[in-house]
Each structure stands twice: as C-alpha cells, then as structure tokens.
Amino acid sequence: MPCPIGRAAEVVGDRWTLLILRDAMVGVTRFDAFRAGLGIADNILSNRLGRLVDGGLLTKVPYREGGRTRHEYRLTPAGADLLPVLDALAVWGGRHTAPGRPAEAMRVLHAVCGRELTAGEYCGHCARPVPREEIHWLRPWRSAEPRAIAAPVNGG
C-alpha cells in the first residue's frame, strides 16, 4: 500500500490495539496485567499482542516466574514513537466524544514543572522541548497519581 496512513492503519487500526499500546505507554508489560486492565478475552489479547510484535511495535522479553520462562511485552522505539499519536487521540476524544458517566479529562503533564502539555512534546511554561522521560499521563478515572511514560527497549 503506497499510503502511509493506510499502512499505519494496518498495524494499529483497531480499538484493542490502541488500548494495548496505551497501557504499554505507562509501563504495562505482562499478559495478565493487560487482560485485567482491559477486560479483554485471552484469544483477542494474544492475537493483538502477536500483531504488535510482528509489526515491530512491541518486543517479547523473557523473564522467569515460578520455574518457567514467560514473556513481557515491551515498547520498541517504533511503538514509543506512537506517543504523540495517542496524545492527539486523547485530545480529539476529549473534544468530540463524551464519557458514559462524568469523568475528569486525561491530561498530559510535564513532570518537571507539573504543567499541562498542550502542544505535544513542548512545554510552553518552560519554553523548551520535553523529552519522553519527563512526560506523564494523568488519567483521573484510573488514579489520582500521574504515570510516567515507559521507555522503549533498545534494539526493538
């Protein structure tokens, strides 16, 4: 497909995939944690994680638990590069959709000064670009505490 939007939609173009990436952005890595946070069926989660690994957005990293080897799913640099896309979707969703019940809006914060980032990865208050490690998401319906954005693994 020659269109880059079409190619991107092939990789990330469904609800579950975007929600998995959202959770991966704040450090969720394990199958059970994705399942619990999303309320997603095992077969659908397994399929979407596989597609994200095949698409180069997540990588499988082995770990040992209970005497057996399992895998975590970590953001690759390509997956991490979707942060501005997810931020833009959050802004769009806040403007053009309504939650089923009243909820405070999601905010993207600069961890250094605590101010909201409104222009992507630039802080108007500090008058400088904001590196990934200084970006936090505040999702009040989940937690009163902001969550740092996860760093990608190298070589993904």
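If you read the sequence from its start, that first residue is 1, and numbering goes on from there.
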**Message:** Using the rule given for side chain to side chain contact (heavy atoms under 4.5 Å, CB included), can you reason through I44 versus W16, listing the C-alpha separation, both sets of side-chain angles and the distance that settles it, and then say yes or no?
**Reply:** CA-CA 8 Å; I44 295 171; W16 289 120; 3.7 Å; yes
**Message:** The test is salt bridge (Lys or Arg N to Asp or Glu O under 4.0 Å); show your working for R51 and E10 and say whether it passes.
**Reply:** CA-CA 10 Å; R51 285 178 39 195; E10 288 282 327; over 6 Å; no
**Request:** Starting from the C-alpha separation in whole Å, work towards a yes-or-no answer on side chain to side chain contact (heavy atoms under 4.5 Å, CB included) for V112 and R128.
**Result:** CA-CA 11 Å; V112 172; R128 69 175 180 86; 3.9 Å; yes
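Clustering ILVMFWY residues whenever any of their side-chain heavy atoms sit less than 4.5 angstrom apart, transitively, puts V85 in the very cluster that holds I135. L82 and V91 fall into different hydrophobic clusters, where Ile, Leu, Val, Met, Phe, Trp and Tyr side chains are chained together by heavy-atom contacts under 4.5 Å. Cluster membership check: V28 does not share its hydrophobic cluster with L138, using side-chain heavy-atom separations under 4.5 Å among Ile, Leu, Val, Met, Phe, Trp and Tyr.
Among residues two or more places apart in sequence or in another chain, the side-chain hydrogen bond (donor to acceptor under 3.5 Å, both in side chains) test is passed with R35 by D32, D42. Partners of R132 according to the salt bridge (Lys or Arg N to Asp or Glu O under 4.0 Å) rule, which considers only residues two or more places apart in sequence or in another chain, do not exist here.
A donor-acceptor contact closer than 3.5 angstrom links the side chains of D87 and W137. A donor-acceptor pair shorter than 3.5 Å can be found between the side chains of R64 and T69. Side-chain contact of T17 with D14: a donor-acceptor pair under 3.5 Å is present, judged by distance alone.
The pair E145-R139 fails the salt-bridge criterion, with no side-chain N (NZ, NE, NH1 or NH2) lying under 4.0 Å from an Asp/Glu carboxylate O. Ionic pairing of R147 and D23 is not present here: no N-O contact between side-chain nitrogen and carboxylate oxygen is shorter than 4.0 angstrom. Between E65 and R30 there is a salt bridge, since at least one side-chain N of the basic residue sits less than 4.0 Å from a carboxylate O of the acidic one.
Within a 6.0 Å sphere centred on CZ of R115, other residues, nucleotides and ligands contribute 12 heavy atoms or fewer. Heavy-atom contacts from other residues, nucleotides or ligands closer than 6.0 Å to CD of E116 number more than 12.
You'll find the side chain of L58 reaches within 4.5 Å of the side chain of L75, heavy atoms only.
Screening residues 61-86 for ring pair (Phe, Tyr, Trp, His ring centres under 6.0 Å) gives no qualifying pairs among residues at least two apart or on separate chains.
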